[in-house]
Structures are given as C-alpha cells and as structure tokens.
Number of protein chains: 2
Amino acid sequence: MSLRPDVTQALAEWIVNCDLEAIPAEVQKEGVRTFVNWLGCAVGGARHETADHALAAVTRFAGEPTSTVLGRGERLDALHAALLNGITSHVLDYDDTHLKTIIHPAGPVASALLAVAETRPVSGRDFLNALIVGVEVECRIGNSVYPDHYDRGWHITGTAGVFGAAAAVGRLLGLTVQQMAWALGIAATQSSGLREMFGTMCKSLHPGRAAQNGALAAFLAEANFDSSERAIEAPRGFANVMSDKQDYNEILGGLGETWEAGLNSYKPFACGIVIHPTIDGCIQLREELGDDVAKIARVDLVAHPLVLELTGKTEPKTGLEGKFSVFHSAAAALLRGDGSPTAFTDEAVNAPELIAMRRKVEVVTDKACHEAAVTITVTLDDGRVIEKHVERAIGSRERPLSDEQLNAKFRGQAALVIGEAASDELLEQAWRLAEMTRVGDLAAASLPR
Amino acid sequence: MSLRPDVTQALAEWIVNCDLEAIPAEVQKEGVRTFVNWLGCAVGGARHETADHALAAVTRFAGEPTSTVLGRGERLDALHAALLNGITSHVLDYDDTHLKTIIHPAGPVASALLAVAETRPVSGRDFLNALIVGVEVECRIGNSVYPDHYDRGWHITGTAGVFGAAAAVGRLLGLTVQQMAWALGIAATQSSGLREMFGTMCKSLHPGRAAQNGALAAFLAEANFDSSERAIEAPRGFANVMSDKQDYNEILGGLGETWEAGLNSYKPFACGIVIHPTIDGCIQLREELGDDVAKIARVDLVAHPLVLELTGKTEPKTGLEGKFSVFHSAAAALLRGDGSPTAFTDEAVNAPELIAMRRKVEVVTDKACHEAAVTITVTLDDGRVIEKHVERAIGSRERPLSDEQLNAKFRGQAALVIGEAASDELLEQAWRLAEMTRVGDLAAASLPR
C-alpha cells in the first residue's frame, strides 16, 4: 500500500472530516470509558499537593474564569484549567494507557476539551467525536516513533499528547484543513517532556502542558497564526528531530478503519504500568498465603529489564517516588493488598513494616520475559517456596477492567475528594456523555458537596 | 581542570550568587547594549501581523493586565506579555546573535524580565544583573550542545532560551538554590522549537514561548513545584536527549570568569546572520558600481554550505520567506542598498525588478569558505567583472556595531512604529537602564504618541 507523502496534510484532512457516524460503535463505547476513567482520575487527584503548588504559581496569571479545576472548584481561563486538570488526572499514576506506546491518552486530550467546552455550547456527541479523534491522533503519532523516541528519553504522553489536544480542540473550534495543519505544526514545535522528570511533580506537568499547549495551538491556528504544513514528516520536523524511527504508515495506514482509540486500557493500580503484573501477582499471593504473609523471608522477581529501568528505586522516600519502586509496590501489595493511591502516600512509603518487606525483594531481569509478565517466587521462613507467574496483569487488553470495575475505581478515588453522593451523581452523568446537550455542565457536577 | 559532575546544581548556585559587582564593567556595558538593541527590535516588530494573530488568539486567556505589549499598549498578564514581546523582538529577524551558537539571546530573557519587572519594583541594577546572568546561562547551555543539537533540527533560541528566561526571572523572584535548580529543570522539560518552522510565524513564537515558559518555570519553582535537580546532565535530561554532544565544560568552565554575555552581537540586517556577508558585500558593490548596477548580468556567490541550507529559497513569496532567500537578499542589497526590515516586506519580495535581479544570482557552496565570509562576483552586460570578498560582515565581533550605529538601528525601526519623539525618548531612557529605580516604568515609554 502506498500512502501519501504529505503526512501532516493527510492527517489534518482526516481530523477535520472524521464525524461520529464514521466511528464504530465499539470505539465510541471505549471513548466513553476513556472519559469516565479520566474524569474519576482528575477528581481523584484534585487535592494532590502538585495541584496546590501549580495553582499557587499560576492563579495570578489566569484570565477570564470560564473553566473549572475539577473536584476543587477554582475557576480559571480555559488554558489554565486544561493545565490543572491535565496534572490532576495523571498525578496519581492511575489513569489510562495505550499499551503499544505507554501513552496516557486522555490527560492531554480530555483535559483540554472539557476546559474549552465550558466556554461554549458543545454537545456530548461532538465532544466524544473530538475526544476519540484526539486520542487516535496522539496514539498514531506515538506509534510512528515508538519505541526509539521513548528510549531516547522523551515522555511520550507529553510529546505526542500535544498533537492530540490540538486535534481535539481544533475540531471543537471548527478549524479548516489548512488551520488544522497549522495547529499540528504549532503543536509539533511545542512538543516536549523529559523522562528524567519521573518521580517529580514535573511528570504530571507533562500531560497538563500538553493539554494547555495543544489547546493554544488550536486557538492560534484559528487566528491564522501560521506554521509549517509538514511539521510531522519534514527533515527538521517532529519525527526526524525527536526519533530515530519514523514509520508514517503507523499514522496514515488504515486511518478511519483500525482504531488505536479502541485499544485504550485503564490502570487498576496507581503507578507505572510495568509494575502492574507484580502488584497483581502479589495481591493474589497475599490471598493465597493468608496469615502466612507474616512469614515471608524473601521475594524474588523475574521481570523484563524495563521494570528495573523505570521502577528501580530501592529506597523511595516519598509517595511519588514509591510509584517508581517495584520493591515498595510489591511490599504494599503483599502486606496490604493495596495498589490504589493509598499505597503510594508518604505514610505508606515510610511505614516500617513496608520498608522491612521491600528490602526482602530482589529483582532479576530477563529480556526473554514479556514486559507484561512477571514470575514471583516467595520463600517463607519455614523454607516453603511459592511461585506465581502472571502472564497478563489485570487492566491489560487481555484482562480489561469491566464497566463495574471502572465504576468501583471511579468511586474509590472520587468519593474521597468530593463525597459519595457527588461522586455517584457525577459518575452517572459521565456515562451519559453522548446524550448531553452541553458537556461543560459536567464540570459543575464535579465539585465537593 | 576537573569540574563538578552536578552541572545543574552548580549552575543554580552560580545563578543565585552572581551579583552585579562580580560582573566586569565591559560585560555590563554589553548587557546595556543588548537591552537597547532588544528594546528597539521589540518596538520595531510590534505592528507585525504575527503579533496581531497571536494577540487575537491569546487575549481572551490573559489575566491581570499588569504588563505591556511594547510599542502597542495592550496590557496582558506578565506571562502573556513575555510571549508577545518575545515574538515582536524576533519577528523582523533583526535582533542580536551569540555567534558561537546562533542563539538570539535577548528575546527569551529580556522579554520575560521586563514583563515581570512591571509587576514589582525592580531596580535597573537588579534587572541588568538578571539579564546578563540569563544570557550567560542560555549561551553556555547552548555551547554545551552546539552544533549537534542545532544540526539535529532544534531552534536553539527556543531550546536554550527557556533556561535563560528561567534563570533571569528566578533571580528577580529571589529563588533559593534549590528552587533555582527546580526552575532549570522545569525549563528543561519545556525545551522545544523545531527549525522546520523557519519561514513561518512559529519561528518567532519560539523566543516568545521560551520567555513565557522560562518565566513560568521560575514562578512554579517559587511555589515549590519540584523537578529533577539534574535536568541538564542526567542520562534522560536535556543534553543527552536533545543532542549527541554534551560538553559540560562549556557550562561550568570559567563560569564567572569568561563571559559569553560579553560576546553578543547585533544584526545590521533584518535576516538570518548567514546572509549578512552577502548583503554587506552587495551594498559595498552597489556603492562602487553607481549607475552601472543597472548593467548587472549575473551575480555569483561562493559561500559556506550553511548559507544555502538555511537561506536557499529561490522563489520566496512573502517578506518572511524573503529572509530565507540569499537570492532576494542579494538583489535588495544591490538594487536598493537595503538590508533593513523594509527589504523584507511582501512588496519588496514581489517587486518585478527584484525578482528579475534575484534570478541572476547563482550560489556555489564551498566548505572551505568561512561561515562569516563570502566572495561575490558581479558580471556586467558589457563583460566587465567585479569581485568583492567579505571576510567578516558588519555586525560581527570583528566589526561590531558602534553605539551610534545601534542608535541609528533603534531609531530606524522604532520611529516607524511609535514616532520619532517617543523613539528618541525611549532610546535615551534605555541607555540609562542601570540607573533606573523601577525598570517597569520603561514599558509605558514604549507606546506610540
């Protein structure tokens, strides 16, 4: 199959012309699940200190207060609200994952969309349409450069996410094809976010800035602020500058026929996806061991090298660092059966019994081990040895969260921030996204009662 | 000499502790010249359509109107004013150049500083101090990765400029060393800007966003929004992710002893620095030829390959594209003796006599030819041949603009926008920068009368 060489232009045409009727029902369904999961995470992370610090810095610069910091109620201009909601939706590392690229798709796209939707009438159908198109764009652009781009050190949720936000907001604004190509260009030239930031507040700054900068790109293009029209594929464009791999077939091949947006997954645990098999397995072991958990003498993991590369912190000091410690994660799962946000608080990371347990964990890496798999061997102090192999963790495409599990995840975090009644009501509204006449109204329903 | 391995930390310490007394008088003098030149450019570019489009997009998102769009008078929050002034100061391609890296240093740094200085009392001495430190930081970081980083396709004024803005604004805010290291980290993770954007409005978006994003980094750090403290040198930090070359000696070697900020130069012509020798030589030829200019049959240039790589547009259609055409630039210099902003209007680029002349220009590249040199051979229709070799163009470190030439350049562009009286008064105030008690007052003096 021969594809068009003008990748940016062809993508812009598709973005502008892809209406909801052309999106298969199951992809639409996944789009609603993506939205529900994102909203729960944004509310769930609303009270995190990362959001407090960001608000303390930016509130003085915020413009007309049209848009809501979800779960809190501060009102900011749409770009700053996009920033804040992008931060909170990711800050617990509990959001969604496009498994082929480890992009967390909704943070950049939905955060931008809802903040802008509060400034104008946007129907649920138009919102869902823009959300799915935005997710599709960022995941396809991610596919075109993954894994080289990620291996080089780029946090792909930020670098690809900005394109998704630009495409999605560009649809809400009704950009022409020409303007949409510019929006992609303005997004490309703002693409940023370093993996060095993992374990700091800047990690969740990335989806926040991607949402804010992508929305800005769309508004600039709407005002005919021009840009390269070959920003993705040009010799000094995004793909060549930021990656050794450029596979444009991943962007244009099967566009509108096969759907990356239908492959989104939702984290059952509040940390990097590479530790999920370990947590899943350790929770299963805890259930099998019962009181014998107290007898654990050592824990041996055999995992893909990426597990140690991304989550190799042996002595985390903060909850945030705990998310980057397979050692702590295994300990919290074994001793508390917990992989939710409460497993990654400063308290949990510094609890003496968890520190003692994490020091019993040893990791051996094996390239032959699939990234989504792990083998856990627990040795008890009476000499017994129990082994658990996890091939695919819960939350993976093979074992996706059911709608009921998504509901439980939503309630489990949102109710802590806004109360049970508000959380239940918001959840119910979120599932009815496609029927709404004005999606911006949802933001008001996210506030604490 | 063995330098500290903790590059970011050492740099943060220096930024916080480098007071004006420690800066040599000649570097301070160059800092004032940098400021004067920047201010003239920001006012000179104020009415450019790029600024109109940007304002049309962002005004609705602007917060408390504390800060001024220079030369125009719209008031925006400090971050948006930094964006606009960063755009206008660069949009005519007439600003300053750190010749070792082709960074245009003042745009990101001074634009951020003045916008923030309008929000609080900042003395001229503190402003000058922060400006010099900011320029020093961005140029040293640029040196550490140049030329690989630039060759890869990064617009270094954007990618390095964001560090300069963060450092400079960080000084105004009185950040601690810890916060300054975070500010550099938050800057690093926003570093962006593709060379693919050259010839579009996004080129001047880069220094604008660098100013805005660097200032944001400083404000976030002030609010204790944390970041990596090794953002420059870490394996997945700025230098490793965005360049094949990492020479940290360029950052820490001789810090506070040798001064990149003392090496700034100021463009005599309103376009990319690589065409300056050509314009300089063509203007000299025009003066020598007199009426015989009408007899030019062909023009042959021998120049470094970078000249065609950066400015090889044979048939530019807009004034902006004309800046990236050595052919048009030579024609305007030969026929009009002009390398100022008026040589790069849509009118000039489409003038039939200039089109005819540019089509007579041929370029042969020669790697042995220095980037700052050119050999121009003019053949007249009577067969005469005149050759001109330019070794160093006016505006280079070897032939710097005098203060008087800087004044003429300032007046030549600012008077067109705000009138002669206002321009003269603003210029006089700008030279007295170091004596001012409240630098923010300068912004009001930049408005049209």
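Every chain is numbered from 1 and lettered A, B, ... according to where its sequence line falls, protein lines coming before strand lines.
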Could you tell me whether the side chain of A/Asn213 reaches within less than 4.5 Å of the side chain of B/Arg209, counting heavy atoms only? yes

Among B/Ala57, B/Ala56, B/Gly199, residue most engaged with chain A (heavy-atom pairs, under 4.5 Å): B/Ala57

Test side chain to side chain contact (heavy atoms under 4.5 Å, CB included) applied to A/Arg60 and B/Phe219, step by step: CA-CA 10 Å; A/Arg60 78 194 89 174; B/Phe219 282 107; 3.5 Å; yes

Would you mind checking which part of A/Ala62 comes under 4.5 Å of any heavy atom in chain B, side chain (CB onward), backbone (N, CA, C, O), both or neither? backbone

In terms of heavy-atom pairs under 4.5 Å with chain A, the winner among B/Glu222, B/Glu309, B/Lys203, B/His155 is B/Glu309

In terms of heavy-atom pairs under 4.5 Å with chain A, the winner among B/Asp77, B/Thr159, B/Thr119 is B/Asp77

Considering all heavy atoms of both residues, which atom of A/Ile186 and which atom of B/Cys202 are nearest to each other, and what is their separation? CG1-SG, 3.6 Å

CG on B/Leu320 to CG on A/Asp226, rounded to 0.5 Å: 7.5 Å

Tell me which of these, A/Ala223, A/Pro65, A/Ala218, A/Gly158, has more heavy-atom pairs under 4.5 Å with chain B than the rest. A/Ala223

Using every non-hydrogen atom in the two residues, find where A/Ser228 and B/Thr200 come nearest and quote the distance to one decimal. N-CG2, 3.6 Å

Would you say the side chain of B/Phe61 lies within less than 4.5 Å of the side chain of A/Leu216, judging by non-hydrogen atoms? no

Tell me, do A/Trp154 and B/Val241 make a side-chain contact under 4.5 Å, heavy atoms counted? yes

Structural part of A/Gln190 lying under 4.5 Å from a heavy atom of chain B: both

Of the backbone (N, CA, C, O) and the side chain (C-beta and beyond), which part of A/Leu76 lies under 4.5 Å from a heavy atom of chain B, both, or neither? neither

Just wondering, are more than 12 heavy atoms of other shown residues or ligands nearer than 6.0 Å to CD in B/Glu64? no

Working to the nearest 0.5 Å, report the span between CG of B/Asn224 and CG of A/Asp52. 12.0 Å

Is chain A contacted by the side chain of B/His206, its backbone, both, or neither, given a heavy-atom distance below 4.5 Å? side chain

Quick check for you: among A/Met242, A/Glu49, A/His53, A/His80, which has the greatest number of heavy-atom pairs under 4.5 Å with chain B? A/His53

Keeping B/Ser192 on the side-chain end and A/Ser191 on the backbone end, is there a donor-acceptor pair under 3.5 Å? no

Chain A heavy atoms under 4.5 Å from B/Arg152: which part of the residue, side chain, backbone, both or neither? both

What part of B/Leu55 is in contact with chain A, defined as an atom under 4.5 angstrom from a non-hydrogen atom: side chain, backbone, both or neither? neither

Heavy-atom nearest pair, A/Ala231 first then B/Glu196, reads CA-CG, 4.3 Å

Check each atom of B/Ala54 against the heavy atoms of chain A and say whether the ones under 4.5 Å are side chain, backbone, both or neither. both

Pick one of side chain, backbone, both or neither for B/Ala221, based on which atoms fall under 4.5 Å of a heavy atom in chain A. neither

Specify which of A/Asn240, A/Leu194, A/Thr59 makes the most heavy-atom pairs with chain B at under 4.5 Å. A/Leu194

How far apart are the closest heavy atoms of B/Ser227 and A/Met197, and which atoms are they? OG-SD, 3.3 Å

Name the option with the most non-hydrogen atom pairs under 4.5 Å to chain A; the candidates are B/Gly193, B/Ala188, B/Gly63, B/Ala234. B/Gly63

